[in-house]
There are 2 protein chains.
Amino acid sequence: MHKLGTLQAGPCSAAERRKDIWVTASSRRRIPEATVARLPLYYRALMETGERQVATISSERLAELAGVNAAKVRKDLSYLGSYGTRGVGYDVEYLLHEISRELGLTRDWPVAIVGIGNLGRALANYRGFGARGFRVEVLIDADPALVGHQIGDLSVVSIDDLDRVVREHNIAIGILATPAGAAQEVADRLVAAGVTSILNFAPAVCSVPEGVSMRKVDLAIELQILSFYQLRRGTGGTAPPRERTG
Amino acid sequence: MHKLGTLQAGPCSAAERRKDIWVTASSRRRIPEATVARLPLYYRALMETGERQVATISSERLAELAGVNAAKVRKDLSYLGSYGTRGVGYDVEYLLHEISRELGLTRDWPVAIVGIGNLGRALANYRGFGARGFRVEVLIDADPALVGHQIGDLSVVSIDDLDRVVREHNIAIGILATPAGAAQEVADRLVAAGVTSILNFAPAVCSVPEGVSMRKVDLAIELQILSFYQLRRGTGGTAPPRERTG
DNA sequence: GCCTGTGAACCTTTTCACAGCA
DNA sequence: TGCTGTGAAAAGGTTCACAGGC
């Protein structure tokens with residue numbers, strides 16, 4: 001069993017962290033994980049703002065659009081560099097450019113989805129990935145009855161060919177939508193084929209070696225967390241911890 | 001526009017937080033958010049262990065199964081109470097019972113899904129919600145062509161009837177799977193109909209009043225975060241921050 | 001001897017508050 | 001005057017290390 005090498009939605013181990021490695025593309029400063037997780041929010045907010053032909057934006061306005069607070073926006077953006085103008089705000093186009101560069105959205109990332117069940121199919125059809133450079137190019141499933149099936153303009157490939165197709169398409173990011181039982185094995189095979197980022201929807205603990213990142217999305221867990229707070233509200237408590245949503 | 005009242009996956013505002021409210025069901029201590037987010041992991045690990053007729057489990061073993069470290073497990077469980085036995089470990093059945101009580105999994109939560117597109121349909125068909133008390137009872141969509149459509153054993157209801165059906169079914173938890181543009185309006189209507197927990201899949205900032213919790217799952221954002229670290233690995237960096245995955 | 005429970009140390013993240021510059 | 005950029009303070013979360021009970 002593997003031990004290390006995954007990225008979590010939450011904060012990570014401090015002791016195990018290698019410092020001074022995660023610097024900006026221009027090698028200036030290290031960007032905290034919490035900040036990285038918010039950059040996509042700013043990106044989206046700026047895209048919407050840019051479409052409205054607005055030239056500059058204040059940290060306050062950006063905060064509102066991204067669903068965070070202004071202090072956070074300023075701190076976060078300061079990690080990228082001093083891109084704002086005091087007394088004025090941030091240039092929308094320029095900031096958008098810098099953030100998309102940091103996030104690697106200026107290039108294309110070919111993506112593979114493994115597990116073409118309900119969820120896998122939904123993800124395969126999801127417009128919104130493609131939008132920002134994430135092109136789903138490969139669909140893989142273990143069920144022979146599904147192999148060859150057409151979904152959108154892709155045809156489902158057998159898991160026996162995983163290694164080959166992943167290499168052929170130069171897949172760097174894999175989406176795992178298999179049942180829990182298959183998750184670890186599929187993750188191992190993806191990594192063996194050269195995948196170094198995995199988005200895991202399978203409701204299972206699953207680990208990858210160092211040098212590979214993995215993020216987990218677990219729908220049942222999200223509901224259980226809501227249930228916790230729901231329960232307390234229902235039984236006489238008040239509101240849960242809060243902040244505007246991003 | 002609303003301002004407050006949402007729960008985030010990440011840590012929340014401290015200044016805005018009401019302390020001493022989130023105590024255990026037995027009103028003993030406050031449970032930190034980070035701990036609440038891990039309880040479902042322990043729950044799942046214990047369920048799997050319990051099925052194998054194991055009577056007790058050590059923090060180390062539980063940590064391994066949940067994908068966290070042993071110190072965290074002990075700290076987390078200590079917030080619930082002193083349910084372990086020194087020198088021995090935790091009684092699987094008892095701990096399972098306590099955690100499911102804390103998480104509100106001993107009762108049923110009727111759930112409504114709004115937005116029956118690709119994702120909404122996948123969620124509607126997803127077995128694994130039902131498993132732990134989350135029963136999808138209502139499917140809602142704005143598209144007249146979809147209304148009346150049968151999915152599983154449910155029939156899609158018009159958004160015009162949202163208020164009525166949500167009240168009739170006593171829905172407390174709503175799942176938002178609409179396009180971004182509709183998210184805020186639908187959230188408002190859900191809240192107005194009495195929903196106090198929302199799981200939001202729409203790629204949009206969306207806020208709810210105090211007393212309502214909201215968690216966000218954004219697929220595009222997850223990919224963008226992976227892309228950030230992927231980019232740095234590709235350009236000569238080393239592994240990203242790490243911890244075994246939960 | 002073994003494993004839990006927990007204060008204390010440490011690290012990360014958030015927030016505050018204001019200096020500094022257009 | 002207005003808004004950014006950033007040290008410093010505060011809060012939250014994680015890890016350590018060991019006392020304490022089985």
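As the structure is a prediction and not an experimental result, all values here were calculated from the model.
Residues that satisfy the side-chain contact (heavy atoms from CB on, under 4.5 Å) test with A:Ser100, not counting sequence neighbours, are A:Tyr43, A:Leu105, A:Thr106. Residues that satisfy the side-chain contact (heavy atoms from CB on, under 4.5 Å) test with A:Ala71, not counting sequence neighbours, are A:Asn69. Residues passing the salt bridge (Lys or Arg N to Asp or Glu O under 4.0 Å) test with B:Asp108, sequence neighbours excluded: B:Arg135. With sequence neighbours left out, B:Arg38 forms a side-chain contact (heavy atoms from CB on, under 4.5 Å) with B:Ala34, B:Thr35, B:Leu41, B:Tyr42, B:Val68, B:Lys72, B:Asp76.
Within the structure, a side-chain polar atom (N or O) of B:Ser59 is placed less than 4.0 Å from OP1 or OP2 of C:dT4. Residue B:Tyr90 places at least one side-chain N or O closer than 4.0 Å to OP1 or OP2 of C:dG5. Close to D:dT15, at under 4.0 Å from its OP1 or OP2, lies a side-chain N or O of B:Lys72. An OP1 or OP2 oxygen of C:dT14 is reached within less than 4.0 angstrom by no side-chain nitrogen or oxygen of A:Asn69.
A:Arg38 comes within 4.0 angstrom of the backbone, heavy atoms only, and of no base.
Here the side chain of A:Ser78 is nearest to one of D:dT6, C:dT13, D:dT4, namely D:dT6.
Judged by a 6.0 Å distance limit and a 45° cone about the ring axis, B:Arg232 is positioned over the six-membered ring of B:Phe228.
Taking atom CZ of residue B:Arg30 and atom P of nucleotide C:dT6, one finds them 17 Å apart after rounding to whole Å. D:dT14 atom P lies 7 Å from atom CG of B:Asp76, rounded to whole Å. Rounded to an integer number of Å, the gap from CG of B:Asp91 to P of D:dC22 is 16 Å. In this structure, the CG atom of B:Leu77 is 16 Å from the P atom of C:dC3, given to the nearest Å. Regarding A:Ile31, its CD1 atom lies at a distance of 14 Å from the P atom of D:dT6, rounded to whole Å. Regarding B:Glu60, its CD atom lies at a distance of 9 Å from the P atom of C:dT4, rounded to whole Å. Computed from coordinates, the B:Lys75 NZ to D:dC18 C1' distance equals 13 Å when rounded to whole Å. Rounded to whole angstrom, the span from the CD atom of A:Glu33 across to the P atom of C:dC11 amounts to 16 Å.
Between B:Ile99 and B:Leu39 the shortest heavy-atom distance is CG2-O, 3.9 Å.
Annotation: salt bridge (charged side-chain N to carboxylate O under 4.0 Å, His left out) contacts involving residues 85-95 of chain A, sequence neighbours excluded, are absent.
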Below 3.5 Å is the cut-off: list the nitrogen or oxygen pairs between protein and nucleotides 17-22 of chain C, distance only.
| from | atom 1 | to | atom 2 | distance (Å) |
| --- | --- | --- | --- | --- |
| C:dG20 | N3 | A:Arg86 | NH1 | 3.1 |

